Amino acid sequence: MNADLHCHSNVSDGTLQPEALAARAKANGVELWALTDHDEVGGQERARQAAFELDLPYLTGCEISVTFADTTVHIVGLGFDAGNAALIAGLAATRDGRKQRALEMAQGLAQAGIPGAFEGALGFVSNPDLMSRTHFARFLVATGVCHDTQEVFRKYLIQGKPGYVPHRWASLRDAVTWIAQAGGVAVIAHPARYKFSSNEEYALFTEFIAHGGQGVEVVTGSHSAADAERYADAALEFKLLASRGSDFHSPEESRMDLGGLPPLPARLTPIWETLLDRVQRPG
Ligand code: AMP
Ligand code: MN
Ligand code: MN
Ligand code: MN
């Protein structure tokens, strides 16, 4: 099954509207789709409606920013009730502070000789509650400071660089609990990205499971083939369900298109087998 359970619209830091993503997913042969905007479910109804019109089976989704072991970790939620009040309040609390952080990022960039980055980044934002580093990256590419967003992150936006501002996101326990209590399943997003030591990674997986988490992304646009093999083994070792998602953000920026990923390794249990009762279809 060509399931793509991770991508972003312009409700967070993607560049396409939810409707355009639905159309792109359908055109690319996706058979089960979820829109997983960062810390936000404001695009869910539009995505679901657009998927209905295309006869594309849909799961609700989001990607929650978490701080674990002083590192930002992303937890994807799938198949939850997007109207759940505790989840909505938790996401709002997680988004809170993004504007202040953006102002501080702009100060750091100004000191590095790049003035006006707050206003500049704001020009790329559709949802003013969700200013992300990606919007700063687009501004610095548009103004010719860097060639592409990767270069912006490398030079300006990661830890130790002038536009980086440490931020405390949700706790792992809260993020997993919000998703589970809204009837969804929680998934560790792109685990290879965190560069954890084996002790830290063991702690992440065991605490995630203790809080009720059930899945891990194995095949994602953020993983190499070797990463996918490694986390396929981890999924088996920790008895986690395996997820698959492109993490598509933009036709101009994303290396992996919607629906373009290789299949999950056959030895894994796909997370969608658990979610069949929560798939939304027309009729
Ligand atoms: P934020 O939530 O504001 O910290 O922004 C995180 C987002 O920045 C991620 O979801 C990615 O879309 C993007 N991002 C993080 N690291 C990189 C990178 N090295 N290159 C390009 N985009 C990145
Ligand atoms: Mn993003
Ligand atoms: Mn992520
Ligand atoms: Mn993502």
Side-chain angles (χ1 to χ4, degrees), residues 4-16 21 33-41 43 61-68 70-78 91 94-106 108-109 117-118 121-122 124-141 146-161 163-170 175 186-195 204 215-217 219-224 227 243-250 252-256 258 261:
D4 194 323
L5 306 181
H6 188 154
C7 69
H8 299 272
S9 76
N10 67 348
V11 173
S12 64
D13 64 348
T15 61
L16 300 183
L21 283 172
W33 178 52
L35 171 65
T36 56
D37 278 312
H38 296 285
D39 307 327
E40 176 65 91
V41 289
C62 67
E63 182 177 22
I64 305 181
S65 310
V66 159
T67 300
F68 182 85
D70 290 329
T71 302
T72 299
V73 165
H74 287 167
I75 300 296
V76 164
L78 296 170
L91 294 177
T94 307
R95 288 194 299 275
D96 216 40
R98 275 188 179 267
K99 183 174 174 208
Q100 183 57 35
R101 170 192 184 233
L103 288 165
E104 291 171 27
M105 287 172 63
L109 290 169
F118 181 82
L122 205 51
F124 291 85
V125 168
S126 307
N127 174 2
D129 278 356
L130 213 120
M131 268 189 100
S132 121
R133 283 184 290 164
T134 316
H135 301 111
F136 283 87
R138 293 192 182 124
F139 170 65
L140 295 196
V141 172
C146 291
H147 260 52
D148 57 30
T149 53
Q150 301 286 338
E151 186 190 347
V152 184
F153 273 87
R154 201 167 60 243
K155 291 188 174 164
Y156 294 104
L157 299 182
I158 58 174
Q159 199 157 9
K161 301 298 173 182
Y164 181 79
V165 174
H167 195 73
R168 187 143 291 272
W169 302 105
V187 179
I188 298 173
H190 43 61
R193 287 239 312 242
Y194 310 128
K195 311 289 178 213
L204 171 65
V216 60
E217 280 184 352
V219 174
T220 130
S222 305
H223 279 180
S224 66
D227 294 333
S243 194
R244 175 177 186 265
S246 57
D247 209 356
F248 179 79
H249 282 71
S250 158
E252 287 77 35
E253 295 162 13
S254 297
R255 275 167 297 175
M256 184 53 66
L258 277 161
L261 291 165

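One-based numbering, in listed order, for ligands and for the atoms of each. Remember, it's a predicted structure, so these values are computed and weren't measured experimentally. Below, all heavy atoms of this structure are taken into account, side chains as well, without hydrogens, waters or symmetry copies.
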Check: His249 main-chain N/O paired with Ser254 side-chain donor or acceptor under 3.5 Å: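 Yes: the side chain of Ser254 pairs with the backbone of His249.
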Any donor-acceptor pair under 3.5 Å from Tyr194 side chain to His74 backbone: yes
Which is it for [X] and ligand 1 at heavy atoms under 4.0 Å: side chain, backbone, both or neither?
{"X": "His8", "answer": "neither"}
{"X": "Glu63", "answer": "neither"}
{"X": "Thr72", "answer": "neither"}

Less than 3.5 Å apart, any donor N or O on the side chain of [X] or [Y] sitting next to an acceptor on the other?
{"X": "Asp4", "Y": "Ser246", "answer": "yes"}
{"X": "Thr67", "Y": "Arg168", "answer": "no"}
{"X": "Glu217", "Y": "His223", "answer": "no"}

The one among His249, Glu151, Arg255 that brings a heavy atom closest to atom 12 (O) of ligand 1: His249
Identity of the nearest option to atom 20 (N) of ligand 1, non-hydrogen atoms only, from His167, Gln150, His190: Gln150
Close approach of Arg101 to ligand 1, heavy atoms, under 4.0 angstrom: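 Yes, Arg101 has a heavy atom closer than 4.0 Å to ligand 1.
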Heavy-atom gap Arg98 to ligand 1 smaller than 4.0 Å: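 So Arg98 counts as touching ligand 1.
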Pair Arg255 + Asp247: basic N to acidic O under 4.0 Å: no
Short N-O contact, Asp39 and Arg98, less than 4.0 angstrom: yes
Using only N, O or S atoms, tell me which atom of [X] is closest to the Mn ion (ligand 3).
{"X": "Glu63", "answer": "OE2"}
{"X": "His74", "answer": "ND1"}
{"X": "His190", "answer": "NE2"}

The Mn ion (ligand 4) reached by His38 (N, O or S, under 2.8 Å): no
His249 near the Mn ion (ligand 4) via N/O/S, less than 2.8 Å: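 Given the 2.8 Å cut-off, His249 does not count as a ligand of the Mn ion (ligand 4).
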Atom 6 (C) of ligand 1 - nearest protein heavy atom and its distance: Arg133 NH2, 3.7 Å
Protein heavy-atom partner closest to atom 15 (C) of ligand 1 - residue, atom, separation in Å: Phe153 CE2, 3.3 Å
pair Val66-Thr72: side-chain heavy atoms closer than 4.5 Å: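 No. Closest side-chain heavy atoms not under 4.5 Å.
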Shortest non-hydrogen contact from Glu40 toward Cys62: O-CB, 4.1 Å
Shortest non-hydrogen separation from Leu261 to Gly221 and the atoms involved: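 Shortest heavy-atom separation between Leu261 and Gly221 comes out as CD2-N, 3.7 Å.
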With the Mn ion (ligand 4) as the apex, the NE2/OD1 angle for His6 and Asp247 - to 10°: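 Taking the Mn ion (ligand 4) as the apex, I get 80° for this pair.
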From OG1 (Thr36) to CD1 (Ile75), nearest 0.5 Å: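 Atom-to-atom, Thr36:OG1 and Ile75:CD1 are 12.5 Å apart.
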Distance in Å, His190 NE2 paired with Thr220 OG1, rounded so as to fall on 0.5 Å steps: 6.5 Å
Trp169 N/O under 3.5 Å from ligand 1 N/O: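 N/O-N/O distance below 3.5 Å does not exist for this pair.
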Asp13, any N or O under 3.5 Å of ligand 1 N or O: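 There is such a contact, yes.
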Ligand-side contact atoms (ligand 1) for residue partner Ser132, heavy atom cut-off under 4.0 Å: 3 (O), 5 (O)
Ligand-residue contact atoms, ligand 1 with Thr134, heavy atoms, under 4.0 Å: 7 (C), 8 (O), 12 (O), 13 (C)
